Enquirer: 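Take this structure, written in structure tokens, and hold onto it; I'll ask about it next.
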Number of protein chains: 2
Amino acid sequence: MQQLKYSRQRESIKNFLMTRKDHPTADVVYTNVRKEYPNISLGTVYRNLSLLSQRGEIMKISTGDGPDRFDGNPLPHYHFICKRCGSVIDLEMDDIDQIDKIANANFGGVVEGHVAYFYGRCEDCK
Amino acid sequence: MQQLKYSRQRESIKNFLMTRKDHPTADVVYTNVRKEYPNISLGTVYRNLSLLSQRGEIMKISTGDGPDRFDGNPLPHYHFICKRCGSVIDLEMDDIDQIDKIANANFGGVVEGHVAYFYGRCEDCK
DNA sequence: TCAGTAATAGCAATGATTACTGTTTTATAA
DNA sequence: TTATAAAACAGTAATCATTGCTATTACTGA
């Protein structure tokens with residue numbers, strides 16, 4: 001992985017993400033960063049979101065339903081998705097890393113990690 | 001949910017899926033079912049895969065990387081995705097349903113379930 | 001200040017999936 | 001059986017998210 005050259009656009013994208021707790025999509029990032037950089041292109045947004053998540057500076061959330069979302073907080077944590085309103089919420093929970101060992105127990109390969117999200121009804125929708 | 005009217009195409013799709021352990025994509029289902037029904041359309045394949053997974057007769061696997069895959073075995077189980085070769089493998093592991101309780105502990109809403117997959121290197125790639 | 005290279009804007013193209021429409025199949029029941 | 005209504009279909013167009021391309025611009029180190 002080569003080193004990145006600074007860009008104002010990338011900085012603005014990252015700054016925007018850090019102000020938000022609602023895990024916006026690429027398109028939401030685009031419309032908001034345009035307030036500061038009206039000429040930024042959607043391609044630039046996608047490329048930088050990709051770069052940043054590859055480098056572990058942000059987190060990409062793929063729910064398998066609708067577009068990907070992004071989280072400015074790169075520290076390990078889990079997400080909850082409301083089945084009714086679709087909102088994506090950070091969970092504060094004890095770690096569940098033991099599930100990797102459970103998965104590895106009868107497996108021929110090597111389990112290195114997992115992706116998990118929880119679903120149900122959020123506080124407003126229950 | 002209304003009742004379904006029988007269709008030969010849907011039966012063929014389900015039968016094909018049950019013969020496979022490799023979790024094929026919609027496109028793979030399409031090219032294979034065409035051997036029996038040369039005029040089947042890709043739309044029909046998508047509609048029926050959707051119907052069958054809504055009804056819990058098959059399982060849809062969204063990895064967030066590449067197209068969705070489908071599993072003819074609807075019984076609860078987990079999947080492993082190889083980071084090197086991309087293959088998706090069934091895991092035989094103890095259940096980890098306790099993670100729903102852990103996630104619910106400090107949460108204002110209601111956790112009803114989870115989606116999880118494991119990744120790493122498969123037996124051939126490790 | 002300048003040269004080299006990475007990043008950008010603008011736009012075209014792709015890939016997966018869904019929507020539409022006229023025709024065919026299935027289920028029901030006279 | 002045949003008639004009828006509803007569901008499913010084939011074929012195709014459209015959509016949505018995302019990636020690729022190319023000429024231009026912006027960083028960076030000398």
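Per chain, numbering begins at 1; letters A, B, ... match sequence-line order. None of these values were measured; they are calculated from a predicted model.
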Enquirer: Compare all side-chain heavy atoms of Ile89(A) with those of Glu123(A) and state whether any distance is below 4.5 angstrom.
Expert: no
Enquirer: Check the distance between dC9(D)'s C1' and Ile13(B)'s CD1 and give it to me in whole angstrom.
Expert: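 In whole Å, dC9(D) C1' and Ile13(B) CD1 are 11 Å from each other.
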Enquirer: Roughly, in whole Å, what's the span from CD in Glu11(A) to P in dA7(C)?
Expert: 15 Å
Enquirer: By nearest atom, which of the nucleotides dT18(D), dA7(C), dC9(D) is closest to the Pro67(A) side chain?
Expert: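 Closest nucleotide to the Pro67(A) side chain: dT18(D).
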Enquirer: Send over the distance from Glu36(A) CD to dA9(C) P, rounded to a whole Å.
Expert: 12 Å
Enquirer: OP1 or OP2 of dA8(D) versus the side-chain N and O atoms of Arg10(B): is any pair under 4.0 Å?
Expert: yes
Enquirer: Between atom CG in Asp65(A) and atom C1' in dT17(C), what is the gap in whole Å?
Expert: 12 Å
Enquirer: How long is the line joining NZ of Lys60(B) and P of dA16(C), in whole Å?
Expert: 14 Å
Enquirer: dA9(C), dT18(D), dA16(C): which one has an atom nearest the side-chain heavy atoms of Thr44(A)?
Expert: dA9(C)
Enquirer: Name the one of Thr25(A), Leu49(A), Thr44(A), Val45(A) that satisfies side-chain contact (heavy atoms from CB on, under 4.5 Å) with Tyr30(A)?
Expert: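 Passing option: Val45(A).
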Enquirer: So which protein N/O to nucleotides 10-13 of chain C N/O distances come out below 3.5 Å?
Expert:
{"from": "dG10(C)", "atom 1": "OP2", "to": "Asn39(A)", "atom 2": "O", "distance (Å)": "3.0"}

Enquirer: Mind checking whether Val115(A) and Val88(B) sit in one hydrophobic cluster, side chains of I, L, V, M, F, W, Y counted as touching below 4.5 Å?
Expert: yes
Enquirer: Under the side-chain hydrogen bond (donor to acceptor under 3.5 Å, both in side chains) criterion, do His114(A) and Asp97(A) qualify, and how do the steps go?
Expert: CA-CA 9 Å; His114(A) 62 266; Asp97(A) 292 343; 4.5 Å; no
Enquirer: Is Tyr46(A) close enough to dT18(D) that one of its side-chain N or O atoms is under 4.0 Å from OP1 or OP2 there?
Expert: yes
Enquirer: Walk along nucleotides 23-30 of chain C from 5' to 3' and tag each nucleotide B, S or - by protein heavy-atom contact under 4.0 Å, base first, then sugar-phosphate.
Expert: --SBS---
Enquirer: Between Asp27(B) and Leu42(B), is there a side-chain heavy-atom distance shorter than 4.5 Å?
Expert: yes
Enquirer: Does the plane of the ring in Phe118(A) sit parallel, tilted or perpendicular to the ring in Tyr78(A)? Use 30° and 60° as the thresholds.
Expert: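 Ring orientation of Phe118(A) relative to Tyr78(A): perpendicular.
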Enquirer: Rounded to the Å, how far apart are Arg69(A) CZ and dC16(D) C1'?
Expert: 15 Å
Enquirer: Do Phe80(A) and Val111(B) touch side chain to side chain, with heavy atoms closer than 4.5 Å?
Expert: yes
Enquirer: Give every donor-acceptor pair under 3.5 Å between a side-chain atom in residues 12-22 of chain B and any protein atom, sequence neighbours left out.
Expert:
{"from": "Ser12(B)", "atom 1": "OG", "to": "Glu36(B)", "atom 2": "OE1", "distance (Å)": "2.8"}
{"from": "Lys14(B)", "atom 1": "NZ", "to": "Glu57(B)", "atom 2": "OE1", "distance (Å)": "2.8"}
{"from": "Asn15(B)", "atom 1": "ND2", "to": "Glu11(B)", "atom 2": "O", "distance (Å)": "3.4"}
{"from": "Thr19(B)", "atom 1": "OG1", "to": "Phe16(B)", "atom 2": "O", "distance (Å)": "2.7"}
{"from": "Arg20(B)", "atom 1": "NE", "to": "Asp22(B)", "atom 2": "OD1", "distance (Å)": "3.0"}
{"from": "Arg20(B)", "atom 1": "NH2", "to": "Asp22(B)", "atom 2": "OD2", "distance (Å)": "2.9"}

Enquirer: What integer distance in Å separates Asn48(B):CG from dA19(C):C1'?
Expert: 16 Å
Enquirer: Given atom CG of Leu49(B) and atom P of dA8(D), what is their separation to the nearest angstrom?
Expert: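 So the CG-P distance, Leu49(B) to dA8(D), works out to 15 Å.
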Enquirer: Return yes if some donor-acceptor pair links the side-chain N/O of Ser62(B) with the main-chain N/O of Gly64(B) below 3.5 Å, else return no.
Expert: no
